[in-house]
Amino acid sequence: MNLQEKIVLLAKRRGFFWQAYEIYGGVGGFYVLGPLGVRIRDKIVELWRKIFVKENGFIEIESPVIAPYVVFEASGHVASFKDPMAECLQCKRKYRADHLLKEAGIDVPESTPLDEIKEMLNEKVKCPECKSMRWNVRPFLTMFETKIGPYTENRGFLRPETAQGMFVEFKRLYEISRGKLPLGIAQIGKGFRNEISPRQAMVRLREFNMMEVELFMNPEEGCPYLDRVKDVKLPLLTEELVAKGVKEPVVVTAREAAERRLVKHPWLAYFLALSKIFLNKLGVPDDKQRFKAKLEGERAHYSAQTFDHEVYLEGYGWVEVAGHAYRTDYDLSSHMAKSGEDLTVSIPLDKPIKKVVEKVELIVDKVKIEYPDKWKEILKNRSKIKIKDGKAFLDDEELKEGTYEIKKQEVVEIVRKIVPHVVEPSFGVERLILTALTYAYRVKEDRVVLSLPREIAPLEVAVFPLVTKDGLPEKALEIKVMLDKAGFYTVYDESGSIGRRYARVDEIGVPFAVTVDYQTLKDESVTVRDRDTWEQERVKVDELVEYLRRKFS
RNA sequence: GCGGCCGUCGUCUAGUCUGGUCUAGGACGUCAGCCCUCCAAGCUGACGAUCGCGGGUUCAAAUCCCGCCGGCCGCACCA
């Protein structure tokens, strides 16, 4: 049994996660987070929030999971997520249409209309199974589709990423943030992808939790926080290295990565560094992490540069836990074009620019005289008057001389409009849970110990009476309640021998076990046992809360 | 979606080839009691599986056949 299989068994047995709908045979790609799974999820989310949101002064939102068709039409998902599926009308088998054609020696560009693909198939390709040549071609969308409202044909999609929520709501969020760039907007929530074949436990799911930041910025400016992480070492597999098939990443500091333009924007370098620190805190050592660039053809339609943050998971190999993409102004520009809303931002100029502009000033009395019928219309449309060769025109019609004057005016421009660029770090929560469990899994004296970092341990303190008599259970319960009230996540257990109980809590990664013994009754002290060293320390009951708080800080 | 392997108590597994002795056996875990002064000790007992789901063959199906669902691996896919 490999490590991942052991983890899946442990997860199921002790309640971290398991496959959903088991009583109906299970449905691929859907998992349940059990009691311990929810706890560790919350703690991972909280740690992420601290590193990626709070410490950067970013803001967080929650937008709907369902979005109307138009949002994903604008975002490019509808167009780029469609794979043409060919269905054999005789045996009902389904294939990727472009693959069938390729096997038949026909290369089709992605933009080929479905009708043409169908025609080509019906003329030239036999079904590999039943040899029929009658095909139907349909787009297969990897987004889940639904209808909005009972009586309409208003199509909607379950979002494949939370990102669109931040783009669509950008204008108001920018206003709420009082018009400042850079602006970081975070969102934590479910995303849905109708994967063709979900695999590897919780690695590829059809419904999963994402944690994303969309950082909106002026592309000409750097990242003010880069200095904080300038010496963090980044193992990079750049486009160049990936293309050459090099397996060993080049290790550079975050600052070097930005200065040598190995990453296309300093913000991207900053997020790579945070990402590495974050994974360190989840228990992944440096040499089990790397940032692998996506090649031109592999990147998402919106991305100018993408680094997958990969961690090495024994049993699976390198697994992507985050994608860091430089999305440029693609998303805002697309939504601007589709919605007609102005999503530009005014940037103050370093130096005001002085310009001389020519302006038409109408002489109203003269206009009334010269245009007795339509002078009102002319005044109304005065903003549309254009100047050409020193003369004024309205809708290509030259205005009569004497009805206006052309005046020169000096204006000072202090702002300029830009569409902000976006850098996006995007994490999959379930994969992080698996990662944390993988690196925490140890075997000590034939017992499984989950050495989870204290910060993400689902339960924090176990409380045991040494034996179940002489008032020890009562005293232990008292202490458990005290710890609960102090804010710890605790567990009480009096069943079986003390050793068995230690083993039970080791297996689910509880960092400390407090044991009430006979000495407790004499001097109000308990033993605190460390999960990883199995060493014990005697602590006074009234100092216990403070003692534990120090351990967790 | 394709190909290979696989699906029996919570978990691991015996049994499947060679249908009946399987009202499905064991181990671990769990629970209760006894015992019990620090690392899965012991004793007693209990709970726990219509053998993934559905259909078929047969006097008789965990076992043979078909379909479906699910899992793992490889290919493909992976915003």
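In what follows, chains carry the letters A, B, and so on, assigned in the order in which the sequence lines appear, proteins first and then strands, with residues in each chain numbered from 1. No experiment lies behind these values; they were computed from the predicted model shown.
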For residues 513-521 of chain A, please give each side-chain donor-acceptor pair under 3.5 Å, one per line with the distance, not counting sequence neighbours.
| residue | atom | partner | partner atom | Å |
| --- | --- | --- | --- | --- |
| A:Thr515 | OG1 | A:Tyr502 | OH | 2.7 |
| A:Asp517 | OD1 | A:Gln519 | N | 3.2 |
| A:Asp517 | OD1 | A:Thr520 | N | 3.2 |
| A:Asp517 | OD1 | A:Thr520 | OG1 | 3.1 |
| A:Asp517 | OD1 | A:Arg538 | NH2 | 3.3 |
| A:Asp517 | OD2 | A:Arg538 | NH2 | 2.4 |
| A:Tyr518 | OH | A:Asp470 | OD2 | 2.3 |
| A:Gln519 | OE1 | A:Arg538 | NE | 3.4 |
| A:Gln519 | NE2 | A:Asp523 | OD2 | 3.0 |
| A:Thr520 | OG1 | A:Asp517 | N | 2.9 |
| A:Thr520 | OG1 | A:Asp517 | O | 3.1 |
| A:Thr520 | OG1 | A:Ser525 | O | 2.8 |

Is [X] touching bases, backbone alone, or none of the nucleic acid, heavy atoms closer than 4.0 Å?
| X | value |
| --- | --- |
| A:Ala513 | nothing |
| A:Lys6 | nothing |
| A:Thr468 | base |
| A:Phe464 | nothing |

I'd like to check the salt bridge (charged side-chain N to carboxylate O under 4.0 Å, His left out) partners of [X]; sequence neighbours left out, ordered by chain and number.
| X | value |
| --- | --- |
| A:Arg39 | none |
| A:Arg41 | none |
| A:Glu478 | A:Lys475 |
| A:Asp329 | none |

Next on the checklist: As a test of reading the structure: which of B:C36, B:U11, B:A76 is closest to the side chain of A:Lys12, going by heavy atoms?
Outcome noted: B:U11

Checklist entry - In terms of side-chain heavy atoms of A:Tyr518, which of B:C36, B:U37, B:C31 is nearest? => result B:U37

Item to check | Atom-to-atom span, CH2 of A:Trp18 to P of B:G52 - whole angstrom | outcome: 22 Å

Next on the checklist: For A:Glu543, give me all partners under side chain to side chain donor-acceptor pair (under 3.5 Å), at least two apart in sequence or on another chain.
Outcome noted: none

Next on the checklist: Holding to side chain to side chain donor-acceptor pair (under 3.5 Å), I want the full list of residues that pass it with A:Lys480, two or more places apart in sequence or in another chain.
Outcome noted: A:Asp484, A:Thr490

Distance check, [atom1] atoms only: [N] and [M], in whole angstrom units.
| N | M | atom1 | answer |
| --- | --- | --- | --- |
| B:C68 | B:G74 | P | 24 Å |
| B:A62 | B:G54 | P | 13 Å |
| B:G29 | B:C9 | C1' | 11 Å |

Checklist entry - Does A:Gln519 have a side-chain nitrogen or oxygen under 4.0 Å from the phosphate oxygens OP1 or OP2 of B:U37? => result no

Checklist entry - Which atom names give the shortest non-hydrogen contact between A:Leu343 and A:Phe170, and what distance separates them? => result O-CE2, 3.9 Å

Next on the checklist: Return a single string for nucleotides 38-45 of chain B, one symbol per nucleotide in 5' to 3' order, where B is base contact, S is sugar-phosphate-only contact and - is none, cutoff 4.0 angstrom on heavy atoms.
Outcome noted: BBBS----

Next on the checklist: Please name the nucleotide paired to B:A14 by Watson-Crick or G-U wobble geometry with both distances under 3.5 Å, or report none.
Outcome noted: none

Next on the checklist: Can you pull out the residues from residues 320-339 of chain A that lie within a 4.0 Å heavy-atom distance of RNA chain B?
Outcome noted: none

Checklist outcome for this item: What residues 304-311 of chain A contributes to the RNA chain B interface at heavy-atom separation below 4.0 Å is none

Item to check | Output field: ring centroids A:Tyr330/A:His421 closer than 6.0 Å | outcome: no

Counting only pairs under 3.5 Å, give me each side-chain donor-acceptor contact of residues 6-16 of chain A, with atom names and distances, residues two or more places apart or in other chains.
| residue | atom | partner | partner atom | Å |
| --- | --- | --- | --- | --- |
| A:Arg13 | NH1 | A:Glu507 | OE2 | 3.4 |
| A:Arg13 | NH2 | A:Glu507 | OE2 | 2.8 |
| A:Arg14 | NH1 | A:Arg504 | O | 3.1 |
| A:Arg14 | NH1 | A:Glu507 | OE1 | 2.8 |

Checklist outcome for this item: Residue pairs meeting salt bridge (Lys or Arg N to Asp or Glu O under 4.0 Å), one or both in residues 422-433 of chain A, sequence neighbours left out, come to A:Arg327-A:Glu424

Checklist entry - Has A:Lys444 got its NZ or CZ under 6.0 Å from the middle of the six-membered ring of A:Trp534, at an angle within 45 degrees of the ring axis? => result yes

